[in-house]
Amino acid sequence: MKQLRSKKARHRTPTGQHPIAVVAKRTGLSQDVLRVWERRYDAVKPTRGSNGQRFYTDADVDRLRVLHAATSAGRSIGQVVKLSDKALNTMVEGDAAARATLVATAAESSDAATVIEAALVFTRSLEAARLNDHLSRAAAVLGVPDFFARVAVPLLHRVGDEWHAGRLATAQEHLASSVLHDIFVGSMRACSAQADAPGVLIATPAGERHVIGAALVGAAAAVDGWTVVYLGADLPAKEISAAAIASDVRAVALSIVYVDDRRRVVRELRTLRSLLPAGIALFVGGSGALSLSHELSGSGIRVTDDVAELYEELRRGK
């Protein structure tokens, strides 16, 4: 009899009815996040089946959905996880109301800070179309030069800071960068330079796949009257030099954000400088470029600390 009771106990039905895969789909949270929130923050307490599988109740799913809404608004899980259901719902409703007000205010606003905050709202909620429309409208209202200086560059910095602080997911950071990149490229394509305008080739060197800084410099240069040859990411020195010579540009500007192999990157840049004619200036900018300034000293390569300064250097050489 004791053996029979033990067998029944091992196969009892859990009180929850939703396995973790279903909960992930219903809440928009990954299974990894669900496990972390349970283990580290005690967000909910799922029951376990006979094989250790988690099962969640309807109430668990509802709470996780609201917690997701709260964290998507920019709050950390540690700040909100201990709140009661009532307090949590009140907070989320307040966040939603504030979001609606901000978005409505930003629609025709020329205030850069308001535009940036609304852009972050759309970034957190992964609303690509609304983010694109919002930023495109801001560019039209502010004018492209002001949009670049007052919105695009500060927004990129904010997105990077939020990502490093763990308040934005990688997918959200990629979305913002992708939308801005498309706007920058569109601005480049829309500008028509004069026949005698100086030319600049914009790219990133071999191994560098972060192209957003290069696109920003290219767009700013196009608006300023340069003829821009934009080649995008991850190009070897020989390809860049051949394209620069064939296009008869006055300068080459490269963006470097991340350096994974210092010797290789320095060698690549020195090779490019040796392949370019003396009359073509070589500018390198970005956080990764700054870290190489000592190695590149005396090489004839102008190094700047960010893409904004890279463009200013480019303007001075126009």
Side-chain angles (χ1 to χ4, degrees), residues 14-49 52-107 111 113-131 134-135 154-179:
T15 57
Q17 57 182 320
H18 307 299
I20 193 169
V22 171
V23 176
K25 290 181 179 179
R26 291 194 178 189
T27 63
L29 296 164
S30 71
Q31 295 187 32
D32 287 338
V33 169
L34 288 170
R35 294 187 187 99
V36 169
W37 282 12
E38 173 200 341
R39 182 174 63 252
R40 188 178 301 172
Y41 299 102
D42 202 25
V44 293
K45 297 179 180 178
T47 55
R48 300 280 184 146
Q53 184 179 12
R54 292 171 171 81
F55 286 91
Y56 299 76
T57 64
D58 287 338
D60 290 336
V61 175
D62 289 341
R63 181 166 178 80
L64 288 166
R65 190 181 291 118
V66 179
L67 285 170
H68 188 199
T71 55
S72 295
R75 304 178 187 277
S76 71
I77 183 64
Q79 291 175 321
V80 299
V81 72
K82 298 302 182 183
L83 295 176
S84 67
D85 288 346
K86 181 178 180 180
L88 191 57
N89 276 289
T90 299
M91 175 183 288
V92 168
E93 289 170 4
D95 287 342
R99 174 184 185 274
T101 300
L102 177 62
V103 169
T105 302
D111 177 62
T114 301
V115 172
I116 290 169
E117 292 304 321
L120 287 170
V121 166
F122 294 134
T123 297
R124 289 193 175 96
S125 56
L126 293 173
E127 296 178 83
R130 296 191 72 182
L131 178 60
H134 170 67
L135 292 176
L155 177 57
L156 283 170
H157 286 309
R158 279 288 301 279
V159 167
D161 291 344
E162 293 290 295
W163 179 77
H164 282 295
R167 292 187 292 269
L168 280 182
T170 300
Q172 294 166 321
E173 184 270 336
H174 281 193
L175 172 67
S177 296
S178 175
V179 169

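Contact detail for Asp58 and Arg26: the closest heavy-atom pair is OD1-NH1, 4.5 Å. In this structure, Val61 and Thr27 approach most closely via the heavy-atom pair O-CG2, 3.8 Å. Between Ala176 and Leu131, the shortest heavy-atom distance links the atoms CA-CD2, 4.0 Å. Of all heavy-atom pairs spanning Ala43 and Val81, the tightest one is CA-CG2, 3.6 Å.
Under the 4.5 Å side-chain criterion, counting only non-hydrogen atoms from C-beta, Glu38 is not in contact with Lys45. A heavy-atom distance below 4.5 Å is not found between the side chains of Ser76 and Arg167. Trp37 is listed as a side-chain neighbour of Thr71, based on a closest heavy-atom distance under 4.5 Å. Contact check for Leu155 versus Leu135: side-chain heavy atoms found under the 4.5 Å cut-off. Side-chain contact between Val179 and Leu175 is present, with at least one heavy-atom pair separated by less than 4.5 Å. By the 4.5 Å heavy-atom criterion applied to side chains, Thr123 and Glu162 are not counted as neighbours. Between Asp161 and Leu168 there is no side-chain heavy-atom pair separated by less than 4.5 Å. Residues Arg75 and Met91 have side chains in contact (heavy-atom distance under 4.5 Å, counting atoms from C-beta outward).
Under the 4.0 Å criterion applied to side-chain N and carboxylate O atoms, Glu117 and Arg158 are assigned as salt-bridge partners.
For the atom pair CG (Asn89) and CD (Glu93), the distance works out to 6.0 Å, reported to the nearest 0.5 Å. Rounding to the nearest 0.5 Å places CZ of Phe122 at 4.0 Å from CZ of Arg130. The CG atom of Leu67 lies 5.0 Å from the CG atom of Leu88; values are rounded to the nearest 0.5 Å. Interatomic distance, Leu120 CG to Gln172 CD, rounded to the nearest 0.5 Å: 10.0 Å.
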>> Go through it in stages, so that I can follow the logic: the residues are Arg54 and Arg35, the test is side-chain contact (heavy atoms from CB on, under 4.5 Å), and I'd like the CA-CA distance, side-chain angles, deciding distance and then a yes or no.
In response: CA-CA 9 Å; Arg54 292 171 171 81; Arg35 294 187 187 99; 3.8 Å; yes
> Step by step, would you call Ile20 with Phe55 a side-chain contact (heavy atoms from CB on, under 4.5 Å)?
Replying inline: CA-CA 7 Å; Ile20 193 169; Phe55 286 91; over 6 Å; no
> After noting the C-alpha distance and the side-chain angles of Gln53 and Arg48, does the key distance pass the side-chain contact (heavy atoms from CB on, under 4.5 Å) rule?
Replying inline: CA-CA 5 Å; Gln53 184 179 12; Arg48 300 280 184 146; over 6 Å; no
>> Assess the residue pair Asp85 and Val66 against the criterion (side-chain contact (heavy atoms from CB on, under 4.5 Å)); give the C-alpha distance rounded to whole Å, side-chain angles, the decisive distance to 0.1 Å, and a yes or no.
In response: CA-CA 9 Å; Asp85 288 346; Val66 179; over 6 Å; no
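Without hydrogens or angle criteria, Ser178 side chain to His174 main chain gives no donor-acceptor distance under 3.5 Å.
Counted by atom type alone, Asp60 and His18 present zero donor-acceptor pairs between their side chains at under 3.5 Å.
When each of Val92, Leu29, Val33 is tested with His68 by the rule side-chain contact (heavy atoms from CB on, under 4.5 Å), just one qualifies, namely Leu29.
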